[in-house]
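Below: the structure, in structure tokens.
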Amino acid sequence: MIEQILQDSISTSLNSLYNINIEPSSIVLQATKKEFQGDFTLVVFPFVKQAKKSPEQVASELGESLKNSVDMISDYNVVKGFLNISIADDYWIRFVNHNYHNDAFGIKQAQPNDSSIVVEYSSPNTNKPLHLGHIRNNLLGWSISQLLASNGAHVKKVNLVNDRGIHICKSMLAWLRYGNGETPESSGLKGDHLVGKYYVVFDKYYKEEIKQLVSEGMSEDDAKRQAPLMIEAQEMLKKWEEGDSEVRALWEKMNNWVYAGFDQTYQKMGVGFDKIYYESDTYLLGKELVQKGLDTNVLFKKEDGSVWCDLTGEGLDEKLLLRKDGTSVYMTQDLGTALLRHNDFNANQLIYVVGNEQDYHFKVLKLILRKLGFDWSDKVYHLSYGMVELPNGKMKSREGTVVDADDLMEEMVKTAQMMCEEHGKNTDMSPEEKSELYHMLALGALKYFILKVDPTKNMLFNPEESIDFNGNTGPFIQYTHARIRSIIKKGEECDSVQMPAQLNEKEREVVKVLHNLPGLIESAAQNYSPAMVANYAYDLAKTFNSFYQDTPILKEADSNIRCFRLQLCQMVAHAIKNSMNVLGIKVPERM
RNA sequence: GGUUCCGUAGCUCAGCUGGAUAGAGCAACUGCCUUCUAAGCAGUAGGUCCUGCGUUCGAAUCGCAGCGGAAUCACCA
């Protein structure tokens, strides 16, 4: 890569001119700003002290030295302490000519010895359908996996389904009491929605019971604990843990409804997993670890029999790991599943895609693992993402302000259809092609809208803006791809032609953006940031559109130039496709 | 109250390891379809980068303090 050559050359020049020793890799080159002439810029201020010369002088001397030693440098200029380096068009042209046919451009294939990474994401509860918050989680999880894989890692995607607990018992109980044997088939409801409906039903009657008890003079807290429905749900959980066959059968039946529903949602969303863990299989794990911790005095037991980890030395509190009745808590389970996962995959890294409301939990998890003597605790990485808010505030399931994942996607497909019909462009498509296109555009809009923002930040989800097709949106990039594909299909094959001698301004800009892709994937992967890829794809599409607007491609008379531009088009198409693929967004051949 | 995260145009967001006159999109306004897809392009307007102090040749970026917002600090998961 040209950057490395420049870095090496700068390093040796600094040494021979001023006796300054700097590692080539630590020399920072940046893209030259548009207002100035050049491709790469070196800021020379850091060197002026040691060089004992003015910034302008240092920059000029360096520029001259570089120009003499690197023949790819066509020119340089100096503005204050900025050395702007121009690269010869020949380099850019050959870059396109060598890479345009590579449809995996920018993507690194994992080699046998490359690192392996396990990514956990989604991790739903089985008592209600997926909502907007899950969508961000799923899209991020999938996209991070794609991103790391595209940067040459072996990635395994796992899902830990929270399939047991009091919340599921609530749905089960409500269904038994008020369901009249309703099934997904009889009701026409998706399984997860049906079960979610009874979760709401439970809450409704539960609240009525509380109200009743309070009006009879009970305190609110006592009422919450002593409401008959709650007591019954807890008995059900106890029966479940004892393995009661009736409860287990009902539990299995209703969970299977939910799984069927989830599968549909996942499929529509375009996400998937290599392995699915169920909490019912893993919730007892971790107890052994606690015992081991007690034996080695890492943990301690209180008088009532409960087991704790003292984290006050780390500036945190004491953390409960076993209740006084010996049952485990969330943390206990997570210690167990972490060990299980480490044993299952022996990966170099265990990534958990979980919202930032659990920052504390994961901080503690890592600490306890380390205290327990697992040196792999630093492989655990909590990929913490911000919450999704709505224009009128936060989503609250109790207040019915949740945005359901299925509804949202369906809504967006409808809108996509409307928009397409309005444009009236692809009237000759078959119904199947059309519906595929609508789905592709709808999900492209949704995914791009969510993934373009920095994962660590809270984001605002405005339903109206998310289905926009203009500007910085998924469909804008998809449209750019479709236009390019259309040109390529009309153009001739041209492999071995003579390349033009120089580029025009717009061509050079496009090539330079393309040139950045491999480095971008790398730093996006290092930052766990699909958003960087999204913004890159947008930048590329925008740069290409500007080129497309005033540079003829097929209409160019000179066949050499025409061929070069076609190659450039192909390369842009690949780069768009590959970066959108990292986001889990498909791009159409036409739209 | 403790801890963590956040604060950039009317709105939604970029701005990666400090670098030149802080960038996009939406909304508003003005041009460009007889020509490779106008879901596009070109342009106008819009800024106390929350405030203050500090470090530095240089700060939206780093440090400290303050203000504002969010999350979290469960014998829930």
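Here the structure is a predicted model, which means the values were calculated and not measured. Per chain, numbering begins at 1; letters A, B, ... match sequence-line order.
- Between the CD atom of A:E56 and the P atom of B:C57 there is a distance of 17 Å, rounded to whole Å.
- Across all strands shown, nothing is found opposite B:C36 as a Watson-Crick or G-U wobble partner with both distances under 3.5 Å.
- If you take CG of A:L520 and C1' of B:G15, they are 14 Å apart, rounded to a whole angstrom.
- With both pairing distances under 3.5 Å, B:C5 is matched to B:G69 as a Watson-Crick or G-U wobble pair.
- Separating the OH atom of A:Y536 from the P atom of B:G15 is a distance of 16 Å, rounded to the nearest angstrom.
- Summarising the base pairing, B:A42 is matched to B:U30 through a Watson-Crick or G-U wobble pair whose two defining distances lie under 3.5 Å.
- A distance of about 15 Å separates the P atoms of B:C50 and B:A22, rounded to the whole Å.
- As judged by a 4.0 angstrom heavy-atom cut-off over every strand, A:T551 is placed among the base-contacting residues.
- With C1' as the reference atom, B:C76 and B:C6 are 27 Å apart, rounded to whole Å.
- The residue A:T41 sits close to a base: some heavy atom pair falls under 4.0 Å.
- Note on A:F36: a base of the nucleic acid sits closer than 4.0 angstrom, heavy atoms only.
- Here A:I553 lies in heavy-atom contact (under 4.0 Å) with a base.
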Using a cut-off of 4.0 Å between protein heavy atoms and nucleotide atoms, how would you tag nucleotides 70-77 of chain B 5' to 3' with B, S and -? SSSS-BSB

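- Regarding A:E465, its CD atom lies at a distance of 10 Å from the P atom of B:C26, rounded to whole Å.
- Distances from the side chain of A:N527 to the nucleotides B:C57, B:G25, B:C16 place B:C16 closest.
- Residue A:K457 is classed as a sugar-phosphate contact, given heavy-atom separations below 4.0 Å to backbone atoms only.
- By the 5.5 angstrom centroid cut-off and the 30-degree plane limit, A:F476 is classified as not stacked against the base of B:A39.
- Using a 4.0 Å heavy-atom cutoff across all strands shown, A:P588 reaches no nucleic acid atom at all.
- Comparing B:G66 with B:A28, their C1' atoms sit 37 Å apart, to the nearest whole Å.
- Counting heavy atoms of neighbouring residues, nucleotides and ligands inside a 6.0 Å radius, atom CD of A:E421 exceeds 12 of them.
- Geometrically, A:R164 engages A:Y283 in a cation-pi contact defined by less than 6.0 Å to the ring centre and at most 45° from the axis.
- Rounded to whole Å, the separation between the P atoms of B:A60 and B:U8 comes to 15 Å.
- A:N472 places its CG atom 12 Å from the P atom of B:G15, with the value rounded to the nearest Å.
- Heavy-atom distances under 4.0 Å link RNA chain B to A:Y479, A:A482, A:R483, A:S486 of residues 477-486 of chain A, given in residue order.
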Evaluate the criterion salt bridge (Lys or Arg N to Asp or Glu O under 4.0 Å) for residue pair A:D39 and A:K512; output intermediate values, then yes/no. CA-CA 8 Å; A:D39 299 315; A:K512 274 156 70 174; 2.8 Å; yes

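- Going from the C1' atom of B:G46 to that of B:C29 covers 12 Å, rounded to whole Å.
- Taking atom P in both B:A38 and B:C33, the straight-line distance is 12 Å, to the nearest Å.
- B:G40 has no base stacking with the ring of A:Y548 when judged by centroids under 5.5 angstrom apart and an interplanar angle below 30°.
- The shortest distance between the side-chain N/O atoms of A:K425 and the OP1/OP2 oxygens of B:A39 is below 4.0 Å.
- Atom C1' of B:C75 sits at a distance of 46 Å from the matching atom of B:G15, rounded to the whole Å.
- Across the interface with RNA chain B, nearest-nucleotide mapping of A:D454 and A:M419 shows A:D454 to be the residue nearer the 5′ end.
- In summary, of the residues considered (A:F449, A:Y448, A:Y538), a ring-ring contact (aromatic ring centres under 6.0 Å, His included) with A:F476 occurs for A:Y538 alone.
- Separation of the P atoms belonging to B:C67 and B:U51 is 15 Å when rounded to the nearest angstrom.
- The base of B:A39 lies outside donor-acceptor range of the side chain of A:T473, with no N or O pair under 3.5 Å.
- Checked by distance alone, A:N84 brings a side-chain donor or acceptor within 3.5 Å of a matching partner on the base of B:A20.
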